[in-house]
Amino acid sequence: MNKSGLISEVAKRTGQTTAETLATVDAMLDVIVDELKVGNKVTIVNFGTFGVKEYSERVGRNPRNQEQIIIPSKTRPTFKAADKLKDRINEE
């Protein structure tokens with residue numbers, strides 16, 4: 001499912017218009033991104049926690065010529081699924 005499919009399904013389940021649902025989903029995603037940018041975690045109860053992880057600078061190797069290169073530090077988003085979400089996925 002892509003974003004437009006998600007918007008359509010949420011609109012159908014809530015009775016909102018597609019435009020209203022699009023605005024809501026976009027706003028929610030913007031809030032999550034803004035919070036992650038400043039280093040905060042975002043927890044959605046019974047769904048999971050979005051966070052960020054800092055990776056420090058390190059030395060790597062170019063696979064073509066085995067030359068050492070410096071891999072710069074990065075901040076990457078993370079997601080940890082809640083136990084309740086895992087349980088719901090595995091229900092039969």
[X], [Y]: one ILVMFWY side-chain cluster at the under-4.5 Å cut-off?
{"X": "Ile44", "Y": "Val38", "value": "no"}
{"X": "Tyr55", "Y": "Phe79", "value": "no"}
{"X": "Val45", "Y": "Val42", "value": "no"}
{"X": "Val33", "Y": "Phe50", "value": "no"}
{"X": "Val52", "Y": "Ile32", "value": "yes"}

Rounded at 0.5 Å granularity, tell me how far [atom1] in [X] sits from [atom2] in [Y].
{"X": "Ile71", "Y": "Arg58", "atom1": "CD1", "atom2": "CZ", "value": "3.5 Å"}
{"X": "Thr49", "Y": "Lys41", "atom1": "OG1", "atom2": "NZ", "value": "7.0 Å"}
{"X": "Asp87", "Y": "Asn46", "atom1": "CG", "atom2": "CG", "value": "10.0 Å"}
{"X": "Leu22", "Y": "Thr18", "atom1": "CG", "atom2": "OG1", "value": "8.5 Å"}
{"X": "Ile69", "Y": "Asn62", "atom1": "CD1", "atom2": "CG", "value": "5.5 Å"}

_Quick check: do Val59 and Ile70 have side-chain heavy atoms less than 4.5 Å from each other?_
yes

_Minimum heavy-atom distance Phe47-Leu85, with the two atoms named_ = O-CD2, 3.1 Å

*Just jot down the salt bridge (Lys or Arg N to Asp or Glu O under 4.0 Å) partners of Glu9, sequence neighbours excluded, or say none.*
Lys12, Arg13

*asked:* Could you work out, with salt bridge (Lys or Arg N to Asp or Glu O under 4.0 Å) as the rule, every residue matching Lys84, not counting sequence neighbours?
replied: none

_Residue pairs, two or more places apart or on separate chains, that pass side chain to side chain donor-acceptor pair (under 3.5 Å) and touch residues 68-82_ = Glu54-Thr75

